[in-house]
Amino acid sequence: MNEEVLTEFNKQQFQQDLLSWYYQHKRDLPWRQDQDPYKVWVSEIMLQQTKVDTVIPYFYRFIDKYPTVYDLAAADEQEVLKAWEGLGYYSRAKNLQTAVREVVASYGGVVPANPKELGSLKGIGPYTRGAILSIAYNQPEPAVDGNVMRVISRILKIEEDIAKVKTRNIIEKEVREIISKDDPASFNQAIMDLGSSICTPKAPACTFCPIQEHCRAYADGVQDELPIKSKAKKQKKIPYIALLIKNENNEYVIEQRQDSGLLANLWQFPMVPIDEVGRKDLENWVFSEYGLKVKIKEHKGNLKHVFSHIIWQLEIYEAETINVASEDQRLRFVNIHEIKGYPFPVSHQKMMKYLSE
DNA sequence: AACACGGGGGC
DNA sequence: GCCCCAGTGTT
């Protein structure tokens with residue numbers, strides 16, 4: 001026997017150790033009540049780049065409001081966005097509804113059970129495709145997310161940068177090799193559960209790990225060095241003056257953002273990009289941009305809001321205007337009760353504490 | 001291959 | 001502050 005054989009990966013034992021642990025410790029999550037492909041789908045979209053604890057209340061409300069693909073397909077887009085408010089990455093909501101409408105129109109309301117059709121739907125990439133096929137349809141397909149990349153790169157001691165597409169593909173291929181054919185749904189979810197509770201990014205709890213004896217990183221004492229991941233670049237700061245513009249009826253001006261890009265179609269208080277406009281021309285700019293004659297009043301406070309790629313620095317000012325019949329369909333005057341019906345980004349929800357009757 | 005795209009939580 | 005999170009679409 002050579003050394004290669006001694007360190008060879010014991011697939012059967014690995015599966016058994018992982019799955020027994022999972023059957024004993026799996027969390028009772030709302031999307032694990034049944035295997036309804038639509039519910040699995042909704043949960044997987046919500047869980048993209050988002051923690052389980054954050055998703056749970058959104059998932060309950062969303063499924064309560066849109067229990068089937070038909071309900072979501074028929075829903076009003078703004079209401080869907082309102083249901084998504086605060087969850088972030090709002091294109092997920094738009095893409096989900098687009099895809100659900102496609103399922104109703106082209107697949108008789110049945111979520112496709114094959115990789116090609118499923119993966120062609122808007123918002124369903126390699127991860128979500130694998131997650132739905134394995135969890136809802138019991139197919140032995142990899143579902144490689146951040147957890148899986150971390151766990152597998154440690155288990156197999158893969159020292160490639162997991163930020164690279166190539167590495168993701170390597171890991172997907174490895175998972176295809178070692179996935180349980182008997183219970184692929186549990187296998188994929190087991191690795192994700194393990195990644196969130198034991199095989200954590202920092203200080204993994206290797207002493208409690210059910211697959212410790214299969215872990216090459218642990219064997220070599222390098223579990224804290226893996227996975228290797230290149231750093232994201234620093235966010236650029238963008239200063240704005242945000243305006244709480246009130247008219248004589250105690251209504252505030254809100255505007256709808258454009259239908260693509262950052263926070264697409266959400267509503268906000270008018271913001272002036274200071275770097276482009278300058279402070280001197282502020283009121284002129286507001287008039288040219290919105291057709292509103294405003295008078296800047298009191299400085300109410302400052303707000304910093306961090307996105308994944310930029311940072312907004314908001315200076316908040318109160319302002320006054322007179323009611324005008326604006327041509328701009330994306331502009332509205334609303335009172336502090338009506339405002340609650342519009343989907344707002346968190347940054348502007350924080351500004352609402354400065355509103356007054 | 002790089003970047004845009006939210007928000008929250010751990011340390 | 002930095003890093004991470006059940007990623008995908010666009011360029």
Side-chain angles (χ1 to χ4, degrees), chain A residues 26-27 29-32 39-59 81 84-96 98-99 118-132 134-136 142-151 161-169 171-172 175 185 188-197 199-204 224 227-238 257-258 260-266 268 304-312 343-350:
Chain A
K26 67 173 166 185
R27 289 172 291 179
L29 299 169
W31 44 89
R32 287 180 178 171
K39 284 190 247 175
V40 171
W41 183 5
V42 170
S43 73
E44 291 301 340
I45 299 296
M46 287 186 168
L47 285 161
Q48 288 169 10
Q49 302 294 291
T50 311
K51 292 271 198 331
V52 165
D53 289 342
T54 305
V55 167
I56 289 173
Y58 282 91
F59 179 81
L81 212 45
W84 210 268
E85 181 186 59
L87 202 49
Y89 286 149
Y90 298 94
S91 65
R92 291 184 294 177
K94 183 173 187 174
N95 290 340
L96 176 59
T98 301
L118 189 59
S120 73
L121 295 171
K122 206 79 172 161
I124 298 187
Y127 166 75
T128 307
R129 181 185 67 209
I132 295 173
S134 61
I135 297 171
V144 177
D145 68 344
N147 281 316
V148 177
M149 288 209 276
R150 183 173 59 258
V151 172
D161 183 355
I162 63 165
K164 306 256 185 230
V165 178
K166 186 181 150 209
T167 308
R168 209 204 74 89
N169 288 329
I171 293 186
E172 190 170 290
V175 172
N188 281 341
Q189 293 177 94
I191 297 192
M192 294 188 243
D193 273 23
L194 189 75
S196 72
S197 61
C199 196
T200 48
K202 304 249 163 104
D224 290 328
I228 292 168
K229 189 176 183 182
S230 50
K231 294 189 202 310
K233 65 172 192 179
K234 236 173 67 174
Q235 302 103 317
K236 186 183 173 187
K237 296 185 170 107
I238 310 177
R257 295 178 61 85
Q258 59 186 68
S260 67
L262 184 63
L263 305 169
N265 284 333
L266 271 72
Q268 66 178 22
K304 186 176 87 160
H305 193 80
V306 179
F307 297 88
S308 42
H309 58 305
I310 53 173
I311 297 174
W312 280 358
F344 267 68
V346 168
S347 51
H348 283 246
Q349 288 176 35
K350 290 177 186 163

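Chain letters run A, B, ... following the sequence lines, proteins first, then strands; residues in each count from 1.
Contacts between residues 343-350 of chain A and DNA chain B, defined by a heavy-atom separation under 4.0 Å, are made by Pro345(A), Val346(A). Residues of residues 121-132 of chain A having a heavy atom closer than 4.0 Å to DNA chain B: none are found.
An OP1 or OP2 oxygen of dC5(B) is reached within less than 4.0 angstrom by a side-chain nitrogen or oxygen of His309(A). Contact between the side-chain N/O atoms of His305(A) and the OP1/OP2 oxygens of dG7(B) is found at a separation under 4.0 Å. One finds a side-chain N or O of Arg150(A) lying less than 4.0 angstrom from the OP1 or OP2 phosphate oxygen of dC5(C). Close to dA6(C), at under 4.0 Å from its OP1 or OP2, lies no side-chain N or O of Gln48(A). Under 4.0 angstrom from either OP1 or OP2 of dC3(C) there lies at least one side-chain N or O belonging to Lys231(A).
For the pair Tyr90(A) OH and dG7(C) C1', the interatomic distance rounds to 17 Å; values are reported in whole Å. In this structure, CG of Leu262(A) is placed 5 Å from P of dC5(B), rounded to the nearest angstrom. Leu47(A) has its CG atom 8 Å from the P atom of dA6(C), to the nearest Å. What separates CD of Gln235(A) from P of dG6(B) is a distance of 14 Å, to the nearest Å. Atom CG in Asn147(A) sits roughly 12 Å away from atom P in dC4(C) (whole-Å rounding). Protein atom NZ of Lys236(A) is 14 Å distant from nucleotide atom C1' of dA4(B), rounded to whole Å. Regarding Ile191(A), its CD1 atom lies at a distance of 13 Å from the C1' atom of dA6(C), rounded to whole Å. Distance, Arg92(A) CZ to dT8(C) C1': 10 Å, rounded to whole Å.
The residue Val55(A) sits apart from the nucleic acid: no heavy atom pair falls under 4.0 Å. Residue Tyr89(A) is classed as a base contact, given a heavy-atom separation below 4.0 Å to a base. Ile310(A) comes within 4.0 angstrom of nothing in the nucleic acid, heavy atoms only. Within 4.0 Å of Trp31(A), counting heavy atoms only, lies at least one base atom of the nucleic acid. Residue Ser91(A) is classed as having no contact, given no heavy-atom separation below 4.0 Å to the nucleic acid. Residue contacts for Arg257(A): at a heavy-atom cut-off of 4.0 Å it reaches no nucleic acid atom on any strand shown.
Of all non-hydrogen atoms in Asp161(A) and Lys229(A), the two that sit nearest each other are OD1-CA, 3.3 Å. Trp84(A) and Tyr89(A) get closest at one heavy-atom pair: NE1-O, 3.9 Å. The two residues Val144(A) and Arg168(A) have their closest heavy-atom pair at O-NH1, 3.5 Å. Across Gly119(A) and Arg129(A), no two heavy atoms sit closer than the pair CA-CD, 3.8 Å. The shortest non-hydrogen separation linking Pro126(A) to Glu172(A) is CB-OE1, 4.3 Å.
When the nearest nucleotides of DNA chain B are assigned to Val165(A) and Ser260(A) by heavy-atom distance, the more 5′-ward of the two goes with Val165(A). DNA chain C is contacted by both Lys229(A) and Gly146(A); Lys229(A) maps to the nucleotide lying nearer its 5′ end (nearest heavy atom per residue). Heavy-atom distances to DNA chain B give each of Lys51(A) and Gly261(A) a nearest nucleotide, and the one nearer the 5′ end belongs to Gly261(A).
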Point to revise | Steps toward side chain to side chain contact (heavy atoms under 4.5 Å, CB included) verdict (Leu29(A), Ile56(A)) | key: CA-CA 8 Å; Leu29(A) 299 169; Ile56(A) 289 173; 4.3 Å; yes
Practice item. Could you walk me through whether Leu96(A) and Met46(A) pass the side chain to side chain contact (heavy atoms under 4.5 Å, CB included) test, one step at a time? Key: CA-CA 10 Å; Leu96(A) 176 59; Met46(A) 287 186 168; over 6 Å; no
Practice item. Report the C-alpha separation of Lys26(A) and Arg32(A) in whole Å, then their side-chain angles, then the decisive distance to 0.1 Å, and conclude whether the side chain to side chain contact (heavy atoms under 4.5 Å, CB included) test is met. Key: CA-CA 10 Å; Lys26(A) 67 173 166 185; Arg32(A) 287 180 178 171; 4.1 Å; yes
Check your understanding: For Trp41(A) and Ile124(A), what are the C-alpha separation, side-chain angles and deciding distance, and is it a side chain to side chain contact (heavy atoms under 4.5 Å, CB included)?
Key -> CA-CA 9 Å; Trp41(A) 183 5; Ile124(A) 298 187; 3.5 Å; yes
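Judged by distance alone, the side chain of Tyr58(A) and the main-chain N or O of Ser43(A) form no donor-acceptor pair under 3.5 Å. At least one donor-acceptor pair closer than 3.5 Å links the side chain of Arg92(A) to the backbone N or O of Gln48(A).
A side-chain donor from one of Glu44(A) and Tyr127(A) sits under 3.5 Å from a side-chain acceptor of the other.
In the set dA6(C), dC3(C), dG6(B), the nucleotide with an atom closest to the side chain of Lys202(A) is dC3(C). Minimum atom distance to the side chain of Asp145(A) is reached by dA6(C), of the listed dG6(B), dA6(C), dC3(B). Side chain of Pro201(A), nearest nucleotide from dC4(C), dC3(C), dG7(B): dC4(C). Considering only the side chain of Lys164(A), dA2(B) comes nearest among dA6(C), dC4(C), dA2(B).
Nucleotides dG6(B) and dT11(C) have their P atoms positioned 15 Å apart, rounded to a whole Å. Remark: the separation of the P atoms in dA6(C) and dA4(B) is 23 Å, to the nearest Å.
Distance check: Asn95(A) CG to Leu121(A) CG gives 10.5 Å after rounding to the nearest 0.5 Å.
Taking the six-membered ring for Trp and thresholds of 30 and 60 degrees, Trp312(A) and Phe307(A) have ring planes more than 60 degrees apart, a perpendicular arrangement.
A donor and an acceptor atom never sit less than 3.5 Å apart when one is taken from the side chain of Thr50(A) and the other from the base of dG7(B).
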Point to revise | Bracket string, DNA chain B, 5' to 3' - pairs by Watson-Crick or G-U geometry under 3.5 Å, | interstrand | key: |||||.|||||
